[in-house]
Amino acid sequence: MSTLVIVESPTKAKTIRNYLPSGYRVEASMGHVRDLPRSASEIPAAVKGEKWAQLGVNVDSSFEPLYVVPKDKRKVVKALKDALKQADELVLATDEDREGESISWHLLQLLQPKVPTKRMVFHEITEEAIQTALENCRDINDQLVRAQETRRILDRLVGYTLSPLLWEKIAWGLSAGRVQSVAVKLLVHRERQRRAFRRGSYWDLKATLSHQENGQKNGQKNNFEAKLYSLAGTRLANGSDFDENTGQITAGRNVVLLDETQAIGLQSRLEAGVWTVTNLDERPSTRKPSPPFTTSTLQQESNRKLRLSARDTMRVAQGLYEKGYITYMRTDSVHLSQQAIAAARSCVESRYGSEYLSPKPRQYATKSKNAQEAHEAIRPAGGIFRTPQGTGLKDKELALYDLIWKRTVATQMAEARQTHITVQIEVEDASFRATGKRIDFPGFFRAYVEGSDDPDAAIEDQEIVLPNLKVGDTPACQSLEAIGHETQPPARFTEASLVKTLESEGIGRPSTYASIIGTIVDRGYAQLNTHSLIPTFTAFAVTDLLEKHFPDLVDLGFTARMEQTLDEISVGDVEWLPYLSQFYLGDEGLGQQVLERQSQIDPDTARTIELENLDAKVRIGRYGPYLEADGEEGAIKASIPQDVTPADLDIEQVETLLKQKTEGPEQLGIHPEKDEPIYVLIGTYGPYVQLGEKTEENPKPKRASVPKGTPLDAVTLEMAVGLLALPRLLGNHPETEAKIKASIGPYGPYVVHDQGKEGKDYRSLKKEDNVLEITLERAIALLSEPKSQRGRRKAAVPVKELGNHPADESPVNIYDGPYGLYVKHGKTNASLPEGKKPEDMTLELAIELLEAKESTKKTSRKSAKSATKSSASSAKKTTRKTTAKKAAGTTAKKRTARKKVADDASSEEKKAS
């Protein structure tokens, strides 16, 4: 008997094949095999003349979808049909979520098997999971299929109905989407908040105090900081007391607002005073570890810690799942199986000791309203968790697996115990506060600290040590500093914060966020700049149109209720057809709304963006956003540079751009050698300097970018001459004799070591470096800095160097960590025995400690391997006859032709591969 197993991807097929006997054949469908037509060329001739054909959904015939096999999938379908002819049984092993269920249903409809067919689901690709899944096959879940089909139709209706309207009224190539447009609205509203923001300023005092504790040697004192909290019994104003729209103190706040003069005067008055501790408060607290990862939280934490985009996170996670390293990566659940809990607790005990184990197994409850998809959190696969170092993974895969491993293991660790300390110190009528934090027991911090990639360093950063003070102590004031502050505008969304907001509002499915954010950036609705999502002027125009004419479609509450209804369809609580009919064909349905608004929307108005405090109009043109203002001889138009954001466009920038257009570029002076004028201009990519005028004889005058962040009024003739002379030859490298140059590129100023055929070695300049002044010695120093080390945390300084290990001549040193002194050799750390001091330790004693620690690791690894072999052996005996496989990710279809623009938005519910 032969069995054909169909999964989505070749990687998944390769992994699952390892667990199947010879009678099983595994083939990949390469993602979806059928879909709604993406272009006119895919529409069958029989229906090409129908009005609804371009939409791909016959809205007048029970919303019947028009499914076609894309041209690039025809060979795949033929291969699957040929394979099925040789099989006695068909097993559909696509992913266990709604989209996976839909793929299996489409395969069933296309292949029309004459042999017995089963549906197999699992959430991890291990031998045990595959065997269990084979023993518990089921039929295709029609409700899940219908829910996914409804979602797909709904997204097509929104995308293909609204996108053409945007092309006509604003600009060609734009798209709208059920979730995408709401996400863009969030970005735009945050940018408008930043534009409306008015900065407020306030001053306070910071004291550096010292206290000599009993037992300390003469002159040895502990310094600590304290900040002014209140004056004459009234609290000092801070940033939270200001109204963002006025830059003034919020009405009704009883606070003292100091300006610079008052702060300096107070500083002079208090410096010589007597400082007395009047109150001391210690408040113990505990922290529980965060739940294991869901799709959303994995994307957020990966963005914060690893700087991976949501799209990259899902791509790497899918690879880990398909290779059998982690459980299914599209899930809303924080539940852990008993097998996973046991595996995590075993890791804690062997790696950190029993004192770091939580008293009892810890389970988490899923809080998401619409939790569904897989039934377990994202965790390392199997009953024994492979350590990150033991996987053989590299680069992004290793980093993401390490993140998942640590988060999962931390869930079964003891709570962290901390003590928060507040000390009140008074001098005359001023009250200062010093705050500290002591970590009494690190607990799960040993393995995982949210937002940090180095738990030990994070713990050190969290601890704020204060001297042992008591009421009545009189610490000495070493210095008193007056410090000015300015309030900051609301922070722009990052990928992590946008994902968090979408999930908390119930907008869309977490499994689609990666593709949605990707579409927002790809379509030009936002730019990703230093991890911030900055909406473009086009995003403003599209959001304004949708909010004015289709408010429900971008309303957070309406979109969340729509998502809830789609989930209710998946469990049979709501009928899909009446819902679609009401949404599209009802009196207030989308189809009717678009017909009515078509003639009401004026293109000139739709392309115009209203920004407060600007006389000039901002319009969207064929080549991007531009300014338009009335002039003596008609309208004056000037392009807006790409690096100017809607929140930052002000009156001065507008005047400069328009002046350049009417009066021509500003002449800085005459080049001392070329005897030609030098101009400073603002172009699409920012300010630049130009040598000579652009004429027919000189169509491409020499130009050079002005360093980013340099104000136009700071550009001098001398600077311009220097910029036009770039690249600068600094000299030759002392070792290679090759040239070293300095210049400015697309990513900013840099130095390059040009070794000809050997290649070029680049280093970016630091903030303090000036491309026009950097010396050869400084350039050599930058080039000597390893690329991989730049931006990383400074290495810890050893307390004592013991010498080199006889085995490999690498150093053996003693360090002081958050849990006490330890000896380190390579990647092995061993704590010093109780009572031992650095001066007591010798190289021989240290090597004994390290060998003991290493032997413990080896014992742990051996027992893990033994347990794996035993488990595998018993599993094979249990089910010899059947073993099968599953999994893997859907390969998101790339739409590149202009005809497919609308489909990019309507397919936002598809998973990114």
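For reference, positions follow the sequence shown, starting with 1. Quantities reported herein were computed from a predicted structural model and do not represent experimental measurements.
In this view, H335 satisfies the ring pair (Phe, Tyr, Trp, His ring centres under 6.0 Å) rule with no residue, not counting sequence neighbours. Partners of E27 by side-chain hydrogen bond (donor to acceptor under 3.5 Å, both in side chains), not counting sequence neighbours, listed by chain and number: R25. Under the side chain to side chain contact (heavy atoms under 4.5 Å, CB included) criterion, K500 pairs with Q300, not counting sequence neighbours. Residues satisfying the side-chain hydrogen bond (donor to acceptor under 3.5 Å, both in side chains) criterion with T297, sequence neighbours excluded, are T294. With sequence neighbours excluded, no residue forms a salt bridge (Lys or Arg N to Asp or Glu O under 4.0 Å) with K114. By the side-chain hydrogen bond (donor to acceptor under 3.5 Å, both in side chains) test, S302 is found to be paired with T313, residues two or more places apart in sequence or in another chain being considered. D139 pairs by the salt bridge (Lys or Arg N to Asp or Glu O under 4.0 Å) definition with nothing, not counting sequence neighbours. A search for ring pair (Phe, Tyr, Trp, His ring centres under 6.0 Å) contacts involving Y67 returns H106, not counting sequence neighbours. Annotation: salt bridge (Lys or Arg N to Asp or Glu O under 4.0 Å) contacts of E149 (sequence neighbours excluded): R146. Applying the salt bridge (Lys or Arg N to Asp or Glu O under 4.0 Å) test to R386 and every residue at least two apart in sequence or in another chain returns nothing.
A cation-pi contact links R156 to Y160, judged by a cut-off of 6.0 Å to the six-membered ring centre and 45° from its axis.
Interatomic distance, CD of E96 versus OG of S104, reported as 12.0 Å (0.5 Å rounding). With rounding to the nearest 0.5 angstrom, the CE atom of M30 is 7.5 Å from the OG atom of S9. With values rounded to the nearest 0.5 angstrom, S102 atom OG is found 11.5 Å from N141 atom CG. Taken from OH in Y364 to OG in S333, the straight-line distance is 13.0 Å, to the nearest 0.5 Å. In this structure, the separation between CZ on F444 and OH on Y352 is 12.5 Å, given to the nearest 0.5 Å. In this structure, OH in Y356 is found 4.5 Å from CZ in R446, a value given to the nearest 0.5 Å.
Between R178 and E563, at least one side-chain nitrogen of the basic residue sits less than 4.0 Å from a carboxylate oxygen of the acidic one, meeting the salt-bridge criterion. Ionic pairing of K78 and D82 is present here: one or more N-O contacts between side-chain nitrogen and carboxylate oxygen are shorter than 4.0 angstrom. Looking at K118 and E89, a side-chain N of the basic residue comes within less than 4.0 Å of a carboxylate O on the acidic one, giving a salt bridge. A salt bridge links R379 with E124: the closest approach of a Lys/Arg side-chain nitrogen to an acidic carboxylate oxygen falls below 4.0 angstrom. R407 and D402 are not joined by a salt bridge, as no carboxylate oxygen comes within less than 4.0 angstrom of a charged side-chain nitrogen. Taking the charged nitrogens against the carboxylate oxygens, R315 and D312 do have a contact shorter than 4.0 Å, which makes a salt bridge.
Looking at E128 and Y19, their side chains never bring a donor and an acceptor atom within 3.5 Å of each other. Inspection of the Q180 and T519 side chains reveals no N or O donor paired with an N or O acceptor under 3.5 Å. Using modelled atom types, one finds a donor on one side chain and an acceptor on the other under 3.5 Å when comparing E99 with H32. Residues E322 and Q318 bring a donor and an acceptor atom of their side chains to less than 3.5 Å of each other. When only modelled atom types and interatomic distance are considered, T327 and E376 share no side-chain donor-acceptor pair under 3.5 Å.
Pairs passing the salt bridge (Lys or Arg N to Asp or Glu O under 4.0 Å) check and including a residue from residues 100-109, sequence neighbours excluded, read E101-R119, E101-R138. The list of salt bridge (Lys or Arg N to Asp or Glu O under 4.0 Å) pairs with a residue in residues 340-357, not counting sequence neighbours, is empty.
Atom CD of E575 has 12 or fewer heavy atoms from other residues, nucleotides or ligands within 6.0 Å.
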Q: Could you check Q148 against L144 for side-chain contact (heavy atoms from CB on, under 4.5 Å), going step by step and ending with a plain yes or no?
A: CA-CA 6 Å; Q148 181 63 22; L144 284 180; over 6 Å; no
Q | Residues R330, R509; criterion side-chain contact (heavy atoms from CB on, under 4.5 Å); working and verdict | A | CA-CA 10 Å; R330 294 186 178 99; R509 305 295 326 149; over 6 Å; no
(Q) Does L154 form a side-chain contact (heavy atoms from CB on, under 4.5 Å) with M562? I'd like the steps, not just the answer. (A) CA-CA 10 Å; L154 190 63; M562 188 186 300; 3.6 Å; yes
Q.
Under the criterion side-chain contact (heavy atoms from CB on, under 4.5 Å), I'd like the reasoning laid out for K396 against L308: C-alpha separation, chi angles, the key distance, then a yes or no.
A. CA-CA 9 Å; K396 292 179 181 179; L308 289 179; 3.8 Å; yes
